[in-house]
Amino acid sequence: MYTVDKIKAIKYDWDNKWTVTADLRGLETFTGDKYDSNYDIVDKLKEDGILKANTDEDSEYCQFFAYFKTKQSAESFIKRLSNYVEKRKQLMASL
């Protein structure tokens with residue numbers, strides 16, 4: 001397991017977009033059989049408004065990839081994801 005604070009926006013020399021990538025299945029609130037793949041997590045993030053519909057993403061079973069036009073928009077996504085994970089942790093702790 002790992003935490004959202006380890007997820008960073010990356011700009012590769014050959015690309016004009018900012019990339020956010022991770023295996024989101026490793027986040028503590030997504031472990032377990034309900035989220036078998038990053039496809040499942042992407043669907044949940046879209047459903048809950050964390051990953052915007054207009055975001056370019058090309059996730060794989062084992063890896064999440066999202067592409068943003070600016071560093072600010074990538075960091076905004078990471079912040080939304082962080083807040084979302086914290087709320088999920090609080091909800092899970094209260095059960």
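Along the sequence shown, residues are numbered consecutively beginning with 1.
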Side chains of residues 9-17: which donor-acceptor pairs under 3.5 Å do they make with residues two or more places apart or in other chains?
unit_1, atom_1, unit_2, atom_2, d
Lys11, NZ, Asp15, O, 2.8
Asp15, OD1, Lys17, N, 3.3
Lys17, NZ, Asp56, OD2, 2.6

Practice item. Output the distance between atom CG (Leu81) and atom CG (Leu24), rounded to the nearest 0.5 Å. Key: 6.0 Å

Check your understanding: Is the shortest heavy-atom distance from the side chain of Lys44 to the side chain of Arg88 under 4.5 Å?
Key -> yes

**Study point:** Cluster check Ile50, Ile78: I/L/V/M/F/W/Y, side chain < 4.5 angstrom
**Key:** yes

Review point. Any chain of hydrophobic side-chain contacts (each under 4.5 Å) joining Tyr35 to Val20?
Key: yes

Review point. What pair of heavy atoms forms the shortest contact from Asn38 to Glu60, and how long is it?
Key: CB-O, 3.2 Å

Review point. Out of curiosity, does Phe65 fall in the hydrophobic cluster containing Phe68 (side-chain heavy atoms, cut-off under 4.5 Å, transitive links)?
Key: no

Exercise for review: Identify the heavy atoms of Arg25 and Asp36 that sit nearest to each other, and give their distance.
Suggested key: CD-O, 3.3 Å

Study note, to complete from the structure: Interatomic distance, CG@Asp58 vs OG1@Thr21, rounded to 0.5 Å, equals 10.0 Å

Revision key, fill the gap. Separation between OG (Ser37) and CD (Gln63), nearest 0.5 Å, reads 12.5 Å

Practice item. State whether a side-chain donor-acceptor pair under 3.5 Å links Glu57 with Ser59. Key: yes

Exercise for review: Mind telling me whether Phe64 and Phe77 have parallel, tilted or perpendicular rings, with 30° and 60° as the class edges?
Suggested key: parallel

Study note, to complete from the structure: Value for NZ (Lys87) from OG1 (Thr29), rounded to nearest 0.5 Å, stands at 13.0 Å

